[in-house]
Q: 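The structure's right below; bear with me while I get my questions together.
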There are 2 protein chains.
Amino acid sequence: MAGEVNIKRLAQELNISIATVSKALNDSYEISLKTKNRVLSLAKELNYTPNPAASNLRSNKTKTIAVIVPDVANNFFSLAIKGIEEIARKYGHHVLIYQTHEDAEMEKSFTNSLLNGRVDGILTSVSSNEYNSDYYRDLVKKVPLVFFDRVYESLDAFKITTDDYQISFKATEHFIECGCQNIAFLYGLGKLPAGTARFTGYKDALIAHGINFREELVLDYSEDEEVNFANIKTLFKKHKPDALFSSIEEFIIPAYMACAELKFSIPGDVKILSFSNMSSAKLLNPSLTTITQPAFEIGNEAAKCLFKILNKKGMDDDKDIVLKSVLIKRASTGC
Amino acid sequence: MAGEVNIKRLAQELNISIATVSKALNDSYEISLKTKNRVLSLAKELNYTPNPAASNLRSNKTKTIAVIVPDVANNFFSLAIKGIEEIARKYGHHVLIYQTHEDAEMEKSFTNSLLNGRVDGILTSVSSNEYNSDYYRDLVKKVPLVFFDRVYESLDAFKITTDDYQISFKATEHFIECGCQNIAFLYGLGKLPAGTARFTGYKDALIAHGINFREELVLDYSEDEEVNFANIKTLFKKHKPDALFSSIEEFIIPAYMACAELKFSIPGDVKILSFSNMSSAKLLNPSLTTITQPAFEIGNEAAKCLFKILNKKGMDDDKDIVLKSVLIKRASTGC
DNA sequence: TTTAATTACGTAAACGTTTTCGGATAAAAT
DNA sequence: ATTTTATCCGAAAACGTTTACGTAATTAAA
C-alpha cells in the first residue's frame, strides 16, 4: 500500500499533472511557489523519494561516481576515499568503490562495467602491474575521469599527484645529513610515474651530494612478502647499507623484521624511512620516519575536479594538480 | 555513432524483434539456440552492454548491494569488505560502500537513500553511538538486510557475529595465567551487543578465577584520542593495573603512548592485549597480543547470507551465524 | 483596445529494458 | 484427417521519471 508512492500518486492526490509534480520537485521556474509548497509538503508527508532508475533512464544522470583503487585496506587509499566521500556527499552523489587488487585485467573489467551509464564519472588510481596506456587513452574520451596519485602521464586528462620527486630528494638529503653514505632504495611502483619519480629523486639527491649511485643497492618490490623479507636480508648481508629508503609502505614490515632477525639496530646500524600513511608509524619500534602524502586532500581535490567536469566548469583549468607531501622525522632515522 | 548500441539496434541489424533479442540475451528457453548465438555474437561484436537503469526500472533489480560500515580505514572493516566483494563478484553484483563515521544520523540518512530501489540488499554494521532499535525494526521489513559484527540482537534478521564473550573470557584467563590480578578493561562499543559481550566475558572470567571485579578499572572509550590518552594515564597513576584488556583497536595507540610516557615497560610493568586486525600488530614495540576476528570470513558469510535471501533460498536456515575469533599471543603479554 | 509577453500548468513522447500474451509453424498424437 | 503439444517468435504494455511543446490565463506594452 504505502510502498507505491510515486509521482503519479502525488499528482492524483493533489489533482495536478505529473509533469507539474516533477517540475515542482526539481524546483523548476515554471512552477508557482504555491504549488511547489503543496507538492513538497505532500511528498514529505508520504515519504516520497524519486525512483533512481527511472530518473537515470530518462535524464542520463546517475548521481553516482565510481572510485577505483588497488585496495581500500591501504591507509593511503582509505584516507583518499574519505576525502572523496566528503565532496560526493556535498554534491548529493553516491560512491561506488572498486578494488582491483593490482590486477590490471580486473581493473579493465570493472571500468568497462561502468561505461554503460552506471555512473556519471570515475576517479581512478591505476594498478601498478601493467602499463595500460592505450586502454586509458580511449577511456578518457568516453567518460569523465580523474586520475589520482597513480596516473598516466602522457594522457590529456585531469590528474592529481604529489611532489614525489621533490620529497624523495629531500628525504634522501635527510639521510645524508644524518651521515649515511650507503643508502639502499626499496623500489615499488616501478611501472608508474610515482615510482620512477621517487627513484629519480633519490638518485639525483645522491649525485647532488657527490655520492655514487649503486645499482646493487636497489631492491625491486615483489608481491610476495616472504620474498621481500628474504631479499632485504640478502641486501643487508651483501652490501651493508646504512640506510633504507622505502618507496612504498609494503616494505616496512619485512624491513623491520629483517633488522630484528639480523640484530641490526635502528637507527644505530641502519636508518629507515618510508612513504607511508600508517597511523601506527609512531608506535613502531623504533617510531618510523615517514613521507606522508596528503591522502585526504588528494581525494578531496580529485573529487572536486570531477564535479567541475560534470558541471562543465573550469574546463580550462590546469589539468595537473600537484600537492605537497610531508617528511615526518622520527626515531628510525635518529637525527 | 557507435555509442548508441542498444537492444533496438541489435534487433534491427538481425531483423528480429527486440523481445527476441532481450530473451536471447537473458538465455530464455523460448529462444532457439541458433538465434541465441546470432544475438550473442553480434552483441559481442558491437560491444553491447545492457543499460542498467532501464533494466532496473523494468525488473526492479539493480545488481548492486550496499555495505554500510563505520569506517573503511578500520582494518576489520576493510577486510570484511574484501570478503563481501568476493561474493558479490561471484554473483555479478556491484558494491556500494558507505561510511557512517559512527554517526547514527548519517547512518539513517544513507540507509534511507537506498530504500527506493537503488540496491537489492544491504549489509550493515551499525554505528556505536546510538541504539536505534526501532528504526531497524521497521527497516528489516522493507529491504533484504544482513547485519554483521555490530548487530541488533532483538531483531528477527540475519546476523553474522563472532564469539565475543568466549574469546574475551579466554583472553582474560590468559592474563590471569600470566599472573595478573589487576586487569583493567578499556571499554568500547558499550551500546552494542559486541561491546557488552566482551565486557561480560572479561568480568565472568575474573569471577570464575576468584578475582574481584573492580569498577574503577574500567575505562570508557571517548572519541577524542587525547582524552583516551589522558584517561589511560590517570588510570595507571591511580590504580596501577598490571594488565590492560582493550576491547577495541582504537585504544592501542594511546595505551602504548601512555606506557612510553610513564616509563612503564610492556610486558614487565603492564601486559596488554587488544581486539585488533592491525597487520602491524607484530611490529609494535613490543609486538601486540591480539584477539583477531575473522574479518574476511565475516564479510564472506554476510554476503552469502544476503544472496541467499535475494535468491529466496535457505530462508529457514539459522539466522544467527557465529564465527570464532583467535587469540594470538605475542610479546605484549609476555608469556 | 489590441497585441505582445509572461506565468503556470498539462499533454504526450521518450529513455531502454522486461514480460505477458498471443500467434504461427511444425511435429506428434489421436 | 483432425487435434494436441511443443517450439519459436513478435506486438505491445509497463516500469517512473524528465522534458519538449502547447496553451490558457494573466499582465504588460503598444
Side-chain angles (χ1 to χ4, degrees), chain A residues 2-40 42-43 46-64 92 94 113-120, chain B residues 2-40 42-43 46-64 92 94 113-120:
Chain A
E4 321 129 350
V5 41
N6 50 24
I7 277 195
K8 197 197 285 180
R9 165 94 178 274
L10 295 181
Q12 279 171 349
E13 302 221 0
L14 292 172
N15 260 320
I16 56 180
S17 77
I18 63 168
T20 304
V21 175
S22 173
K23 289 174 191 168
L25 291 170
N26 291 313
D27 200 27
S28 161
Y29 67 96
E30 292 182 29
I31 306 299
S32 73
L33 191 63
K34 189 178 152 199
T35 45
K36 272 184 192 172
N37 287 334
R38 290 214 311 147
V39 172
L40 259 358
L42 182 63
L46 296 186
N47 225 326
Y48 166 79
T49 50
N51 180 304
S55 168
N56 171 15
L57 177 59
R58 179 55 223 241
S59 67
N60 266 318
K61 301 209 187 319
T62 61
K63 292 241 154 206
T64 331
H94 296 246
S113 78
L114 301 173
L115 292 183
N116 46 18
R118 184 173 283 273
V119 298
D120 293 341
Chain B
E4 321 128 350
V5 42
N6 50 24
I7 277 195
K8 196 197 288 178
R9 165 95 177 274
L10 295 181
Q12 281 172 346
E13 302 221 1
L14 293 171
N15 260 319
I16 55 180
S17 77
I18 63 167
T20 304
V21 174
S22 173
K23 289 174 191 169
L25 291 170
N26 291 315
D27 201 27
S28 160
Y29 68 95
E30 294 182 26
I31 306 299
S32 72
L33 191 62
K34 189 177 151 198
T35 45
K36 271 184 192 171
N37 286 335
R38 291 214 308 146
V39 171
L40 259 358
L42 182 63
L46 297 186
N47 225 325
Y48 167 79
T49 51
N51 181 304
S55 168
N56 171 15
L57 176 58
R58 179 55 224 242
S59 68
N60 266 318
K61 300 207 184 324
T62 61
K63 292 240 151 204
T64 49
H94 297 247
S113 79
L114 300 174
L115 293 183
N116 46 18
R118 183 173 283 273
V119 298
D120 294 340

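Chain letters run A, B, ... following the sequence lines, proteins first and then strands; every chain starts at 1. Note that the structure is predicted; figures quoted are calculated from it, not measured.
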Q: Using only atom types and a distance under 3.5 Å, with no angle test, would you say the side chain of Ser22(B) pairs donor to acceptor with the backbone of Ala19(B)?
A: no
Q: Given 3.5 Å as the limit, does a donor-acceptor pair link the side chain of Asn26(A) with the main chain of Ser28(A), or not?
A: no
Q: With a non-hydrogen cut-off below 4.0 angstrom, is Asn26(B) in contact with a base, only sugar-phosphate, or nothing?
A: sugar-phosphate
Q: Would you kindly give the CG-to-P distance between Leu57(A) and dC15(C), to the nearest whole Å?
A: 9 Å
Q: Counting only side-chain nitrogens and oxygens, does Thr20(A) get under 4.0 Å of the OP1 or OP2 atom of dC9(C)?
A: no
Q: Calculate the interatomic distance between Leu14(B) atom CG and dC9(D) atom C1'; express it in whole Å.
A: 14 Å
Q: In whole Å, what is the span from the CG atom of Leu10(A) to the P atom of dG10(C)?
A: 13 Å
Q: Tell me: NZ of Lys63(B) to P of dT18(C), nearest whole Å?
A: 11 Å
Q: Please report the distance, rounded to the nearest Å, between CD1 in Ile16(A) and P in dT7(C).
A: 20 Å
Q: Test your reading of the model: is there a side-chain donor-acceptor pair from Ser59(A) to the backbone of Ser55(A), 3.5 Å cut-off?
A: yes
Q: Any salt bridge linking Lys61(A) with Asp120(A)? Criterion: basic side-chain nitrogen under 4.0 Å from a carboxylate oxygen.
A: no
Q: Both Tyr48(B) and Ile31(A) contact DNA chain C. Which one's nearest nucleotide lies toward the 5' end?
A: Ile31(A)
Q: Applying a 4.0 Å non-hydrogen cut-off, can you work out what Lys8(A) is touching in the nucleic acid: base, sugar-phosphate, or nothing?
A: nothing
Q: Is it the case that the side chain of Asn116(A) and the backbone of Pro50(B) share a donor-acceptor pair, with hydrogens and angles ignored and the cut-off at 3.5 Å?
A: yes
Q: Quick one: is dT17(D) close enough that its OP1 or OP2 comes under 4.0 Å of any side-chain N or O from Ser55(A)?
A: no
Q: Between Ile18(A) and Thr35(B), which residue's closest nucleotide on DNA chain D lies nearer the 5′ terminus?
A: Thr35(B)
Q: Just N and O in the side chain of Ser32(A): are any of them under 4.0 Å from OP1 or OP2 of dT7(C)?
A: no
Q: Return the value, rounded to whole Å, for the distance between atom CZ of Arg38(B) and atom P of dC9(D).
A: 9 Å
Q: If you assign each of Arg58(B) and Lys36(A) to its closest nucleotide in DNA chain C, which residue comes earlier from the 5' end?
A: Lys36(A)
Q: Can you check whether Tyr29(A) has a side-chain N or O nearer than 4.0 Å to OP1 or OP2 of dC9(C)?
A: no
Q: Can you see if the side chain of Ser22(A) gets near the phosphate of dT17(D) - specifically, an N or O under 4.0 Å from OP1 or OP2?
A: no
Q: Closest to the Lys23(B) side chain: dG10(C), dG10(D), dT17(D)?
A: dG10(D)
Q: Using heavy-atom distances to pick each residue's nearest nucleotide on DNA chain D, tell me which of Glu30(A) and Ala54(A) is more 5'.
A: Ala54(A)
Q: Take atom CG of Asn56(B) and atom P of dC15(D), then tell me their distance rounded to the nearest Å.
A: 14 Å
Q: Write down the distance between CZ (Arg9(A)) and P (dC15(D)), rounded to a whole number of angstrom.
A: 15 Å
